[in-house]
Amino acid sequence: MIETSFRLSCTINGEPIERRVPPTRRLLDFIREDIGLTGVKPGCEVGRCGACMVLVDGEPMNACLLMAYQCEGRSIVTIEGVSGSGDNEAAKPHPIQRAIVAEGGLQCGYCTPGIVISLAGLLEQTVSPSREQIEEALSGNLCRCTGYEGIIRAVMRVSSHLDPTS
Ligand code: FES
Ligand code: FES
């Protein structure tokens, strides 16, 4: 018998998820439509803009290029879950979110969830990334508004341990 759906068992923002998914269900659509987390943005839908970035086992990935069934057993974090951990931390912005606001690193904001995910992934790997590492981390994120300088300053602000809001 041909299997028409896969069993998917994973976590999204720390919550265990158990569903059956068709083999053609993209992770982007699964997260937005089945789970209802719409901070993950559709953009180009072919892996070029980074608006749909999520962390998969801590690594930034394009949700438009992954099938939901490929996430069996994996830990997914979306922009809704990227903040802190522990008591009441989930409601707090991630330091990079506060720093992006402080440095004027957003305008229309459509790219911002994907950029925050890419930079949160970078800062998990490296607490004080070089400008080259920041540019590399942002290489999959298109921003048509800001020119990127405010975003780069925001990473430097966080990695210099400055107050991201001052
Ligand atoms: S929507 Fe996924 S990279 Fe553009
Ligand atoms: S702030 Fe508008 S696309 Fe980046």
Side-chain angles (χ1 to χ4, degrees), residues 4-6 8 10-15 17 19-83 93-126 129-158:
T4 55
S5 67
F6 286 93
L8 172 62
C10 64
T11 63
I12 298 184
N13 301 333
E15 293 289 324
I17 301 286
R19 298 284 174 97
R20 291 202 74 84
V21 289
T24 53
R25 193 70 167 153
R26 297 181 309 175
L27 182 62
L28 173 62
D29 305 315
F30 177 73
I31 292 172
R32 285 179 57 84
E33 295 169 19
D34 298 354
I35 305 300
L37 296 174
T38 55
V40 183
K41 299 299 181 202
C44 66
E45 306 200 32
V46 291
R48 293 194 182 148
C49 75
C52 65
M53 286 283 184
V54 294
L55 294 172
V56 180
D57 292 339
E59 196 178 328
M61 292 192 185
N62 295 123
C64 69
L65 296 183
L66 277 173
M67 292 300 160
Y69 76 85
Q70 292 177 301
C71 297
E72 170 64 24
R74 305 182 90 174
S75 164
I76 297 161
V77 175
T78 70
I79 189 66
E80 290 90 345
V82 82
S83 45
H94 188 284
I96 193 62
Q97 290 175 296
R98 290 187 284 150
I100 284 173
V101 171
E103 293 290 353
L106 80 163
Q107 290 180 32
C108 79
Y110 198 82
C111 69
T112 308
I115 282 178
V116 167
I117 290 287
S118 292
L119 295 177
L122 171 69
L123 291 165
E124 280 292 314
Q125 303 286 323
T126 319
S130 64
R131 185 179 174 105
E132 192 178 25
Q133 287 173 309
I134 299 167
E135 288 177 353
E136 172 67 25
L138 290 171
S139 62
N141 294 90
L142 278 182
C143 175
R144 292 177 181 272
C145 303
T146 65
Y148 294 91
E149 283 305 315
I151 299 166
I152 292 169
R153 284 197 308 273
V155 185
M156 291 176 165
R157 179 182 278 256
V158 171

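If you're wondering where the values come from, they're calculated on a predicted model, not measured in any experiment.
Separating the CD1 atom in Ile35 from the CG atom in Asn13 is a distance of 10.0 Å, to the nearest 0.5 Å. Interatomic distance, CD1 of Ile79 versus SG of Cys52, reported as 12.5 Å (0.5 Å rounding). Distance check, rounded to the nearest 0.5 Å: OH of Tyr110 to SG of Cys145 gives 12.5 Å. Here OH of Tyr148 is found 7.0 Å from CG of Asn141. Values are rounded to the nearest 0.5 Å. Atom CD1 of Ile117 and atom OG1 of Thr112 lie 12.0 Å apart (nearest 0.5 Å). Note: His94 NE2 to Ile100 CD1 = 10.0 Å, rounded to the nearest 0.5 Å.
Between Leu123 and Pro129, the shortest heavy-atom contact is CD2-CD, 4.0 Å. When all heavy atoms are compared, the tightest approach of Leu122 to Ile134 is CD2-CA, 4.0 Å. Annotation for Val158 and Ala99: closest pair CG2-CB, 3.6 Å, computed over non-hydrogen atoms.
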Output a table of donor-acceptor pairs, distance under 3.5 Å, between side-chain atoms of residues 53-70 and any protein atom two or more places apart or on a different chain; print 'none' if there are none.
from: Asp57; atom 1: OD1; to: Ser75; atom 2: N; distance (Å): 2.8
from: Asp57; atom 1: OD2; to: Arg74; atom 2: NE; distance (Å): 3.4
from: Gln70; atom 1: OE1; to: Met67; atom 2: N; distance (Å): 2.8

Sequence neighbours left out, cut at 3.5 Å: what donor-acceptor pairs do the side chains of residues 37-45 make with other protein atoms?
from: Lys41; atom 1: NZ; to: Thr38; atom 2: O; distance (Å): 2.9
from: Glu45; atom 1: OE1; to: Arg26; atom 2: NH1; distance (Å): 3.0
from: Glu45; atom 1: OE1; to: Arg26; atom 2: NH2; distance (Å): 2.6

Worksheet item: Can you check salt bridge (Lys or Arg N to Asp or Glu O under 4.0 Å) on Glu103 and Arg98, steps first, answer last?
Response: CA-CA 9 Å; Glu103 293 290 353; Arg98 290 187 284 150; over 6 Å; no
Worksheet item: For Ile12 and Thr78, what are the C-alpha separation, side-chain angles and deciding distance, and is it a side-chain contact (heavy atoms from CB on, under 4.5 Å)?
Response: CA-CA 7 Å; Ile12 298 184; Thr78 70; 4.1 Å; yes
Worksheet item: Step by step, would you call Glu33 with Arg25 a side-chain contact (heavy atoms from CB on, under 4.5 Å)?
Response: CA-CA 10 Å; Glu33 295 169 19; Arg25 193 70 167 153; 3.0 Å; yes
Discussion item. Please determine whether side-chain contact (heavy atoms from CB on, under 4.5 Å) holds for the pair Asp34 and Asp29, giving the CA-CA distance in whole Å, both sets of side-chain angles, and the decisive distance to 0.1 Å.
Written reply: CA-CA 7 Å; Asp34 298 354; Asp29 305 315; over 6 Å; no
Item to complete: List the steps and the verdict of side-chain contact (heavy atoms from CB on, under 4.5 Å) for Leu27 and Cys71.
Response: CA-CA 8 Å; Leu27 182 62; Cys71 297; 3.8 Å; yes
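The number of heavy atoms from other shown groups lying within 6.0 Å of CD (Gln107) is above 12.
Between the side chains of Ser130 and Glu132, not a single donor N or O lies within less than 3.5 Å of an accepting N or O.
Using a cutoff of 4.0 Å between basic side-chain nitrogens and carboxylate oxygens, Glu135 and Arg131 are scored as salt-bridged.
The side-chain heavy atoms of Cys10 and Ile76, taken from C-beta on, include a pair separated by under 4.5 Å.
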